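Here the structure comes first, spelled out in structure tokens, and everything after it is commentary.
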Amino acid sequence: MTEAASPLDDALRAFADAAADTVAAHYSVPAPAIAFEAPRRPEFGDFATNLAFSLAKTARRSPQEIAAELVGELARRAPQLERVFSSVDAVAGFINLRVAPRVWHGAVERILREGDRFGEAPPNGQRISLEFGSANPTGPLVVVQGRSMSVGATLANAMRFRGYDVFVEWIINDAGGQLDALGRSLYARYRQQSSPDYPFPPDGYPGDYLLPIARRIRELDGDRWVSVAESDWLPYFSQFGRDDLVAQQRQTARRFGVVYDRWQSERELHETGKVREGIEHLRGLGLTYESEGALFFRATSFGDDKDRVLLRSDGRPTYFCMDVAYHYKKLKDSDRVVDILGPDHHGYIERLKGMASALGYPGRLEVAIVQQVTLMRGNDQVGMSKRAGEIVALDDIIDEVGVDAARFFFIMPAVESPLAFDLKLALENESENPVYYVQYGHARIAAVLRRALEPDVQAAKSAALDSLVHPAELALARRLAEFPRVVAGVVEHLAPHRLARYARDVASDFHQFYTECRILAEERDLRLARLALSLAAKSVLARTLALAGVSAPDSM
RNA sequence: GCGGUCGUAGCUCAAUUGGAUAGAGCAACAGGCUUCGAACCUGUAGGUUGGGGGUUCGAGCCCCUCCGACCGCGCCA
């Protein structure tokens with residue numbers, strides 16, 4: 001299966017070919033790659049190319065002159081372009097193209113033909129390893145993990161849609177000292193059920209979420225752990241707490257519509273020798289040295305500001321060491337490795353990238369840092385001090401605003417932008433809420449289609465679209481035709497926020513079309529054509545929302 | 001102190017990765033339903049892109065330098 005070229009692609013390629021020929025005939029320089037962009041201002045046409053600017057330097061002439069000349073030559077040499085472009089103008093050095101309505105009609109026909117698969121790319125053989133959300137198994141998932149999961153899951157959906165073979169992993173950070181702290185905290189809660197004065201460890205996890213787990217241990221084991229040595233109860237309580245909390249985290253992720261291919265335990269990486277394998281690989285490359293009994297990685301050779309410890313002087317591996325082993329495996333097996341990390345990992349990026357270069361895969365690892373989320377309720381900031389144990393769990397947010405609003409809000413800003421998440425706004429079912437705006441657009445289309453006669457809806461799927469000439473109709477058709485490029489951009493730039501924005505734009509273009517054009521028009525050809533456009537809009541909008549993990553209701 | 005991310009309209013955010021007169025939504029103001037869902041649409045107003053310098057045909061984006069916010073800087077994870 002190959003992705004068939006769209007009428008739009010054909011039109012642009014025809015222009016690019018003709019332009020390249022013209023350049024070759026008139027300039028003694030190789031034709032630069034011709035790129036098209038959509039101008040911000042509609043009066044500059046549907047597409048523009050800066051070809052003349054690229055030629056200006058070597059040709060030693062002004063871009064304005066070159067652009068005007070190219071346009072004149074194109075008209076002479078490639079008159080067939082008139083069929084697909086309604087205008088080709090040279091303006092201030094740019095060449096502006098306006099696409100003929102029939103090309104947009106072709107795009108709508110294609111959407112109706114391909115339905116859900118419009119914009120999908122065939123398998124490209126590229127494998128992407130994606131990690132996001134990962135947390136310590138010491139408590140419930142919190143807000144920032146919600147954002148990380150929304151971003152990661154949306155990217156995974158978009159990547160798969162665009163033909164990548166994606167493997168999604170969650171790392172369970174269960175190899176470090178924090179599990180001891182968890183075990184001691186849980187044990188204290190267990191003891192406090194009969195001895196309220198039993199001391200809580202100072203470095204423990206004070207949240208209430210440990211209470212039900214402690215109660216369950218008491219139900220299962222009674223007083224069995226009261227009078228045994230710590231060396232006996234600690235492993236048990238650590239493991240019990242870890243297992244229970246990981247189960248809760250998985251439950252939350254599932255509820256949030258996020259599916260992982262693997263939940264990878266760090267401890268398991270260690271126990272199965274994967275960690276040693278990674279270290280040996282680095283050692284074999286001569287990138288380690290021993291000092292003061294510890295094993296160091298020469299991170300400074302790869303841009304980090306200091307060398308990093310892999311094995312402590314007592315022989316235990318560091319967190320970074322785990323990451324080396326784990327990434328070695330991922331880098332070997334994938335064409336592209338993407339880590340989406342929390343905001344406290346800024347200082348970690350250089351180290352990870354240095355490691356990727358050291359392992360022989362420079363440029364294969366991409367690290368995106370999801371910025372902080374500030375929870376607001378109207379103008380009031382919602383507190384989340386870990387010290388006081390008052391954490392706002394992701395489950396609480398889902399309870400309050402629902403999965404749709406949460407998933408949508410979390411991907412609205414660019415990944416590296418901070419996010420102020422207003423719970424009050426996310427709950428409003430009024431115009432100011434962007435989620436409802438988009439979902440309302442979908443429901444409104446569904447309502448019109450319900451109102452139309454069924455034979456008309458069927459006939460619309462193969463109707464002639466020549467009567468679609470209104471600016472609002474063409475604007476909507478053009479927007480829908482952008483969809484494949486939008487998703488490709490989301491994948492390339494790790495930019496899920498473009499999907500949220502695009503959904504907004506599609507809904508907006510539809511609302512305007514709806515306001516200015518009566519869909520259920522008296523005249524049959526026009527009515528069928530507008531129904532066809534509505535069907536296409538509904539299809540693309542639903543697909544866009546599905547990629548973001550948001551439902552597209554037919555009524556609300 | 002060193003390093004990183006960021007700073008865009010009153011607020012929340014964009015800007016197709018160096019393109020044209022920096023755009024949307026909310027909030028404000030003024031309009032639009034006897035007709036397909038007004039949870040919508042149209043219009044007005046709102047900006048020295050934190051300040052300054054540089055690079056070039058062209059800078060919110062790249063370089064330098066200040067200012068400010070946040071986050072890292074352990075043989076923690």
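Convention: sequence-line order gives letters A, B, ...; per-chain numbering from 1. Note that the coordinates shown come from a computational prediction; the quantities given were computed from them, not determined experimentally.
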Has [X] got a side-chain N or O lying under 4.0 Å from the OP1 or OP2 atom of [N]?
| X | N | answer |
| --- | --- | --- |
| A/Tyr437 | B/C41 | yes |
| A/Arg501 | B/G23 | no |
| A/Arg498 | B/A14 | no |
| A/Tyr514 | B/A38 | yes |

Which base, if any, makes a Watson-Crick or G-U wobble pair with B/A9, both distances under 3.5 Å?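 Looking at the geometry, B/A9 pairs with no nucleotide.
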Nucleotide paired to B/A39 in any strand shown, Watson-Crick or G-U, under 3.5 Å: none
Closest to the A/Glu416 side chain, choosing from B/G19, B/U5, B/G37: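 That would be B/U5.
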Report yes or no: is there a donor-acceptor pair, N or O only, under 3.5 Å between the side chain of A/Thr515 and the base of B/C40?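 Answer no: no donor N or O sits under 3.5 Å from an acceptor.
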Return the 5'-most residue of the pair A/Ala92, A/Asp554 with respect to RNA chain B, ranking by each residue's nearest nucleotide. A/Ala92
Judged by each residue's nearest nucleotide on RNA chain B, which is more toward the 5′ side, A/Ala446 or A/His493? A/His493
salt_bridge(A/Asp422, A/Lys424) N-O dist < 4.0 Å: no
Electrostatic pair A/Arg336:A/Glu366 at N-O distance under 4.0 angstrom: yes
May I have the distance from [X] (atom [atom1]) to [N] (atom [atom2]), rounded to whole angstrom?
| X | N | atom1 | atom2 | result |
| --- | --- | --- | --- | --- |
| A/Ile411 | B/A14 | CD1 | P | 12 Å |
| A/Ile279 | B/C75 | CD1 | C1' | 13 Å |
| A/Glu292 | B/G74 | CD | C1' | 13 Å |

When you compare the side chains of A/Asp89 and A/Asn96, does any donor N or O come within less than 3.5 Å of an acceptor on the partner?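 A/Asp89 vs A/Asn96: no donor-acceptor pair found between side chains.
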Kindly say whether the aromatic ring centers of A/Tyr440 and A/His511 come within a distance under 6.0 Å.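 Here the rings of A/His511 and A/Tyr440 have centres that are less than 6.0 Å from each other.
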